[in-house]
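Accompanying notes for the structure given below.
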Amino acid sequence: MRLDVVTIFPEYLEPLNVSLVGKARARGQLDVRVHDLRSFTHDRHHTVDDTPYGGGPGMVMKPEPWGEALDSILASGEAERPARPVLVVPTPSGRPFTQALAVELAERPWLIFAPARYEGIDRRVIEEYGEHLEVHEVSIGDYVLAGGEAAVLVITEAVARLLPGVLGNAESHRDDSFAPGAMADLLEGPVYTKPPEWRGRGIPEVLVSGHHGKVARWRRDEAFRRTSVNRPDLIERCDPAALDKHDRKT
Ligand SMILES: Nc1cc(-c2ccc3ccn(Cc4ccc(CN5CCCCC5)cc4)c3c2)n[nH]1
């Protein structure tokens, strides 16, 4: 998978050099290219913003630098250019970023991220590229950030961990919260590891019973309990068939 990111803060994307994404890049599973938007300006001050038409708070990002940056990326060498890219634009007013969307994006060979700053990008940029590309305007949550770079880190990590061979244990995203399947839409239950006792606290006996069926049931019950407390809205969406009658009674 190829990922391009256009930003006025290239250093904000340094975390893409470490951990899971960093290792996937080193292994050649991910080709990540960060582009400084200001290198697509031509004035002395490398201007990327201007006052909003119609007035209002803050500044708006000018369309010209974005157009030059995106055209430059799209024109990159025929050989190195996989199929048509998807343009991902983080925004507070976007469609919620979900595990389902992460799965959808993980199947694409090329993503281009356009994290804006100020009050966002001139709408005409989205309109222009929306005519040739699939564009996803995406919110990572109901809170307001100062720009889209943190969202790019979040989306990239959620997508990269789904790529084959990127996560150590291929199974480990099978039981993710929000992953499709019997535990679909339930939050994870508690996890434990050695030592068996820590500061006078033991671990649930069932986890060392060696009875895999009981362990699985205990984990599902704990997931159901945790979800009921923290995300009752997900219980509504849960597939009743995936839960024993017992769960549905509690
Ligand atoms: N999930 C999530 C994603 C983001 C996000 C993503 C990308 C950018 C680029 C800039 N910002 C800051 C910002 C702040 C407030 C507004 C709204 N503003 C109200 C007054 C009239 C104009 C528009 C818009 C942009 C961003 C914020 N925040 N939260």
Side-chain angles (χ1 to χ4, degrees), residues 1-17 21 30-78 80-97 101 104-105 108-159:
M1 175 184 278
R2 175 175 164 176
L3 299 181
D4 287 88
V5 188
V6 181
T7 172
I8 60 171
F9 294 128
E11 64 277 22
Y12 204 107
L13 283 301
E14 284 299 309
L16 295 183
N17 294 317
V21 174
L30 266 181
D31 169 9
V32 179
R33 307 177 195 200
V34 179
H35 312 266
D36 185 342
L37 181 67
R38 294 195 194 276
S39 48
F40 297 94
T41 61
H42 308 290
D43 64 302
R44 191 151 54 97
H45 300 293
H46 300 293
T47 309
V48 292
D49 63 310
D50 205 332
T51 54
Y53 276 123
M59 303 289 273
V60 173
M61 299 194 92
K62 295 170 60 60
E64 302 97 321
W66 282 100
E68 289 195 28
L70 293 173
D71 286 351
S72 160
I73 292 168
L74 291 169
S76 60
E78 199 53 41
E80 59 183 328
R81 191 172 59 186
R84 266 176 358 120
V86 174
L87 181 61
V88 180
V89 184
T91 168
S93 57
R95 163 185 168 203
F97 180 65
L101 182 52
E104 190 182 324
L105 295 178
R108 312 305 293 264
W110 187 10
L111 305 180
I112 300 178
F113 288 101
R117 284 271 153 173
Y118 306 99
E119 297 297 328
I121 304 173
D122 185 299
R123 188 70 204 162
R124 290 170 289 181
V125 175
I126 310 297
E127 287 169 3
E128 165 77 359
Y129 290 93
E131 285 178 4
H132 320 290
L133 308 175
E134 185 178 325
V135 176
H136 291 267
E137 294 183 83
V138 175
S139 163
I140 60 165
D142 293 340
Y143 40 82
V144 183
L145 301 167
E149 284 79 6
V152 171
L153 295 178
V154 165
I155 295 166
T156 299
E157 183 158 317
V159 168

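In this chain, numbering begins with 1 at the start of the sequence shown.
- Contact annotation: the side chain of Val89 never approaches that of Val138 to less than 4.5 Å [non-hydrogen atoms, C-beta and beyond].
- With 3.5 Å as the limit, one finds a donor-acceptor pair spanning the side chains of Asp4 and Trp110.
- Taking both residues in full, the closest heavy atoms of Thr51 and Met59 are given as N-CE, 3.7 Å, listed atom of the first, atom of the second, then distance.
- By the 4.5 Å heavy-atom criterion applied to side chains, Leu3 and Val21 are not counted as neighbours.
- Closest approach of Phe40 and Ser72 over heavy atoms only: CE2-CB, 3.6 Å.
- With respect to Glu68 and Lys62, no salt bridge is recorded, no charged nitrogen being found less than 4.0 Å from a carboxylate O.
- Contact check for Ile73 versus His35: side-chain heavy atoms found under the 4.5 Å cut-off.
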Item to check | Intermediate values then yes/no, side-chain contact (heavy atoms from CB on, under 4.5 Å), Val159 and Met1 | outcome: CA-CA 10 Å; Val159 168; Met1 175 184 278; 3.8 Å; yes
Checklist entry - Checking side-chain contact (heavy atoms from CB on, under 4.5 Å) for the pair Glu64/His42: CA distance, chi angles, key distance, verdict? => result CA-CA 10 Å; Glu64 302 97 321; His42 308 290; over 6 Å; no
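- Under 4.0 Å is where a charged nitrogen must lie from a carboxylate oxygen, and between Asp122 and Arg124 at least one such pair does.
- Val86 and His136 get closest at one heavy-atom pair: CG1-CD2, 3.3 Å.
- For Glu157, the CD atom counts as loosely surrounded, since its 6.0 Å shell holds 12 or fewer non-hydrogen atoms of other residues, nucleotides or ligands.
- Nearest heavy-atom pair, Arg117 versus Met61, reported as atom, atom and distance to 0.1 Å: N-SD, 3.3 Å.
- Proximity of Val60 to Tyr118: side-chain heavy atoms (C-beta onward) are nowhere separated by under 4.5 Å.
- Looking only at atom types and distance, the side chain of Glu149 has a donor-acceptor partner in the side chain of Thr7 under 3.5 Å away.
- For the pair Thr156 (side chain) and Leu153 (backbone), a donor-acceptor distance under 3.5 Å is absent.
- Here the CG-CD1 distance, from Leu111 to Ile155, works out to 9.5 Å after rounding to the nearest 0.5 Å.
- Formation of a donor-acceptor pair under 3.5 Å by the Thr91 side chain with backbone atoms of Ser93 is found in this model.
- Using a 4.5 Å heavy-atom threshold, the side chains of Leu74 and Pro85 count as touching.
- The two residues Trp66 and Ala114 come nearest to each other via the heavy atoms CZ3-CB, 3.5 Å.
- Under the 3.5 Å distance criterion, the side-chain polar atoms of Arg38 are matched with a main-chain donor or acceptor of His46.
- Heavy-atom minimum distance, Pro90 versus Ala151: CB-CB, 3.6 Å.
- At distances below 3.5 Å, not a single donor-acceptor pair connects side-chain atoms of Thr41 with backbone N or O atoms of Asp43.
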